[in-house]
Amino acid sequence: MAMGGVLIFLMGFLIYLATHLGTTEMAVLFNELDPADAKNIIARLDEQNVPYRLFKNGTEIHVPVSDALKLRVQLAETVNAGSVVGYELFDKAQSPGVGHDIINLQMLRALEGELSRTIKAIDNVKSARVHLVLPRREMFSREEQPPSASVIIRMEEKTKLSPKQVEAVQRLVAAAVPKMQTKDVSIMDARGTLLTKNFDNDEQMQMTSNEEMRRDYEKRLINSVQSLIEQSVGMDKVRVQASLEMDFDQVVVNKEVYDPDAQVLRSSTTIEENAHTDEREPIVSVEQNLPDAETKNANQVSQKSNRTEETVNYEISKQVISQVRKNGVIKRLSVAVIVDGNYQRKDDGTKEYIPRTEKEMELLTTLVRSAVGFDAARGDTVEVINLPFFNPDELLALEDPILFMNFTKQEIIRMVEGICVAFVAVLVVLLVVRPLVVKAFEQPEIEEEEERLLMAQNEELQQLTGPASGNTMTDSEQLEELIDIAKVEGRVKASSVKKIGEIIEQHPEEAVSIIRNWLYSE
């Protein structure tokens, strides 16, 4: 058996050398190819008489190592040319007989191909197909249907598009097609799962984006607070939860602010008038009305008037403010923090919970408020509470008390199971495997012993019976008949059985002695 094994090994080694030394070392040219791309590449390789091999159902092509880099550069334009085409459709001059419908169809196909290539440039995108629907406006029709698009994306294994990437692809396709809105672009993966949401308008999409922004802000707050507190109390001893109320209303504010303190004299006008008048006013009395009355001196009256008019013009500073707010503003912030306490192990092996001091909790509360930007006027709330954490290991430890020699119940059960399995394995080896092995190795010895006993039996029979008259059987034939009786299968000749029966009847004592020797030898 050893010589045969060595011979087989040498023959296999020689065959391996003969097959591999005479072949050319191959390298991967392209893998994960579409059937159309593989067909084009094989046609180009056949034209250049380059040997190649196909693997993985024709999606991977191997070529000689010496030509791999050169062919990869030469055939780079062939990849993705079978199923996806772009603006290279218009590289060739169009014949004069081509109609306008054919040109529009080629333009649509080229646009779909270019969008597919652009989407495939995203990381972990294996392939992409874009289908555009550009409806034509019917004659004498006032209504016009908007264009729409559907995109199928195949990702690499164990990868998927994030919501932001889905939105980016959606906006990319909508921006590349005239009059296409973002809500009219549907994106699905290779499993048939719809990745885009059914937004009726851009406002719903903006609302979803605002909600994602709020959640991201909450996550950043939670991570910052948890990393800060863990530096003081230890890992896995802090749980943080934050809730935000944000205002995403777009506000446009126009203000005109006048500052009376910042005034400047622009112009000043002063008008001053002075008037003086002297008059004699006659005295009105009875005497003046009598005839031949003498005129007396009248009263003298003097009048003076002064008027001053002043006009002053000032320039008051004016500030015009136009403010547009689009980002979200935090209206209210709520933060809840649970901090685990300290533990002290007792003599009996159990742990005793020790709460933290009030001073330490106040310091932790101050840190949390500073980390989240606490504003009392805004109505923010921050609660830091010290509570013991639930530890399932302690519950399991209580359920599995120590029973014997520092071993728990579960450990003892596992050890008993292992001992039982080992005992069964030993029984199988002793009662099944060992007899089979012993029988296999002792079978040749038993056959030799049986042959030796049969020879001795034959000699004894010849001595007892002597040469028989008329018996022409030779010694070898008689031995062959006796050996046939000793065969395990039990196939014996009827004549030999009859002859042996007659011999036993004539010589019972010698037959008993022979059988006894057989039994003792077994």
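Quick caveat, the model's predicted, so the values are computed rather than measured. Index from 1, following the sequence.
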Novice: How long is the span from the OG atom in S127 to the CD1 atom in I119, to the nearest 0.5 Å?
Specialist: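 The CD1 atom of I119 is 11.0 Å from OG of S127, to the nearest 0.5 Å.
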Novice: If you measure from the Lys or Arg side-chain nitrogens to the Asp or Glu carboxylate oxygens, is any gap between E112 and R109 under 4.0 Å?
Specialist: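 No salt bridge links E112 with R109.
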Novice: Compare all side-chain heavy atoms of F389 with those of I338 and state whether any distance is below 4.5 angstrom.
Specialist: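 In contact.
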Novice: Kindly write out the residues that satisfy salt bridge (charged side-chain N to carboxylate O under 4.0 Å, His left out) with D67, not counting sequence neighbours, or none if the list is empty.
Specialist: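 Checked D67 against salt bridge (charged side-chain N to carboxylate O under 4.0 Å, His left out); zero matches.
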Novice: Could you tell me whether a side-chain N or O of R332 sits under 3.5 Å from a main-chain N or O of G379, the two making a donor and an acceptor?
Specialist: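 Between the backbone of G379 and the side chain of R332 there is a qualifying donor-acceptor contact (under 3.5 Å).
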Novice: I'd like to know if E114 pairs up with R117 as an ion pair, taking the criterion as any Lys NZ or Arg NE/NH1/NH2 lying under 4.0 Å from an Asp or Glu carboxylate oxygen.
Specialist: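 Salt bridge present between E114 and R117.
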Novice: As a quick check of understanding, evaluate side chain to side chain donor-acceptor pair (under 3.5 Å) for T381 and S334, giving each step before the final call.
Specialist: CA-CA 5 Å; T381 58; S334 300; 3.2 Å; yes
Novice: Specify the closest pair of heavy atoms between P163 and E212, including all atoms of both residues, with the distance to one decimal.
Specialist: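 Taking every non-hydrogen atom into account, CB-OE2, 4.2 Å.
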Novice: Between V382 and D380, is there a side-chain heavy-atom distance shorter than 4.5 Å?
Specialist: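 Result no, sub-4.5 Å side-chain heavy-atom pair not found.
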Novice: Show your working on side-chain contact (heavy atoms from CB on, under 4.5 Å) between V169 and I122 and close with a plain yes or no.
Specialist: CA-CA 9 Å; V169 173; I122 301 174; 3.7 Å; yes
Novice: Which pair of non-hydrogen atoms, one from S268 and one from E310, has the smallest distance, and what is that distance?
Specialist: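 S268 and E310 have their closest heavy atoms at OG-OE2, 4.2 Å.
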Novice: Got a sec: does the CZ of R154 have more than 12 other heavy atoms crowding it under 6.0 Å?
Specialist: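 No, the 6.0 Å shell around CZ holds no more than 12 heavy atoms from other groups.
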Novice: Taking D340's backbone N and O only, do any of them form a donor-acceptor pair with R356's side chain (distance below 3.5 Å, no angle check)?
Specialist: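 At least one qualifying donor-acceptor pair exists.
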Novice: Would you say the side chain of L69 lies within less than 4.5 Å of the side chain of R72, judging by non-hydrogen atoms?
Specialist: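 The answer is yes, as the side chains (C-beta and beyond) meet within the 4.5 Å cut-off.
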Novice: Quick one, V339 and K237 - any side-chain contact, counting heavy atoms below 4.5 Å?
Specialist: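 The answer is no, as the side chains (C-beta and beyond) never meet within the 4.5 Å cut-off.
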Novice: If you round to the nearest 0.5 Å, how far is CD1 of I153 from CG of L161?
Specialist: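 Spacing of CG (L161) from CD1 (I153) equals 5.0 Å.
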Novice: If you compare all heavy atoms of L132 against all heavy atoms of A149, which two are closest, and at what distance to 0.1 Å?
Specialist: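 L132 and A149 have their closest heavy atoms at CD2-CB, 3.5 Å.
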Novice: Is it the case that more than 12 heavy atoms not belonging to E383 sit under 6.0 Å from its CD atom?
Specialist: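 Check fails, neighbour count at 12 or below.
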Novice: Are any non-hydrogen side-chain atoms of L333 and L221 less than 4.5 angstrom apart?
Specialist: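 A side-chain contact under 4.5 Å exists here.
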Novice: Atom CG in N210, atom CE in M246: separation rounded to 0.5 Å?
Specialist: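 N210 CG to M246 CE: 8.5 Å, rounded to 0.5 Å.
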Novice: I need the minimum non-hydrogen distance between R171 and T182, along with the two atoms involved.
Specialist: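 Distance-wise, the nearest heavy atoms are CG-CG2, 4.3 Å.
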Novice: Nearest heavy-atom pair of K126 and K120: which atoms, and what distance?
Specialist: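 Closest heavy-atom pair between K126 and K120: O-CE, 3.0 Å.
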Novice: Answer yes or no: are there more than 12 heavy-atom neighbours, outside Y217 itself, under 6.0 Å from its atom OH?
Specialist: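 No, the 6.0 Å shell around OH holds no more than 12 heavy atoms from other groups.
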Novice: Give, for atom CE of M235 and atom CD of E230, the distance between the pair rounded to the nearest 0.5 Å.
Specialist: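 Between M235 CE and E230 CD, I get 4.5 Å after rounding to 0.5 Å.
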Novice: With a 4.5 Å limit on heavy-atom distance, are the side chains of L364 and V337 in contact?
Specialist: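 No; the side chains remain at least 4.5 Å from each other.
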Novice: Determine the minimum heavy-atom distance between P135 and P146, stating which atoms define it.
Specialist: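 Between these two residues, the closest heavy atoms are CG-O, 3.9 Å.
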Novice: Rounded to the nearest 0.5 Å, how far does CD of Q170 lie from NZ of K183?
Specialist: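 Here the interatomic distance stands at 11.0 Å.
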Novice: How long is the straight-line distance from CZ of R44 back to OH of Y52, given to the nearest 0.5 Å?
Specialist: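 The OH atom of Y52 sits 14.0 Å away from the CZ atom of R44.
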Novice: Which residues pass the side-chain contact (heavy atoms from CB on, under 4.5 Å) test with R136, not counting sequence neighbours?
Specialist: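 Testing R136 for side-chain contact (heavy atoms from CB on, under 4.5 Å), a comparison that skips the adjacent residues, returns D101.
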Novice: Determine whether V125 and M155 satisfy the following criterion, side-chain contact (heavy atoms from CB on, under 4.5 Å), listing intermediate values before the conclusion.
Specialist: CA-CA 5 Å; V125 175; M155 301 294 296; 3.7 Å; yes
Novice: State whether the number of non-hydrogen atoms from other residues, nucleotides or ligands found under 6.0 Å of Q241 atom CD is greater than 12.
Specialist: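 It does not: Q241 CD has 12 such atoms or fewer within range.
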Novice: Examine distances only and state if a side-chain atom of T193 and a backbone atom of D189 form a donor-acceptor pair shorter than 3.5 Å.
Specialist: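 Answer holds: no.
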Novice: Are the side chains of V177 and V185 in contact, using a 4.5 Å heavy-atom criterion?
Specialist: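 In short, these two side chains do not touch, never coming nearer than 4.5 Å.
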Novice: Crowded around E358 CD? As in, over 12 foreign heavy atoms under 6.0 Å?
Specialist: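 No - once you tally the heavy atoms of other residues, nucleotides and ligands closer than 6.0 Å, there are 12 at most.
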Novice: Would you say L71 and L45 make side-chain contact, with heavy atoms under 4.5 Å?
Specialist: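 A side-chain contact under 4.5 Å exists here.
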Novice: Hey, is the main chain of I354 close enough, under 3.5 Å, to the side chain of Q344 for a donor-acceptor pair?
Specialist: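 Pair absent, no side-chain N/O of Q344 close to backbone of I354.
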Novice: Is a side-chain donor-acceptor pair under 3.5 Å present for D184 with S148?
Specialist: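 Checked: S148/D184 side chains show no N/O donor-acceptor pair below 3.5 Å.
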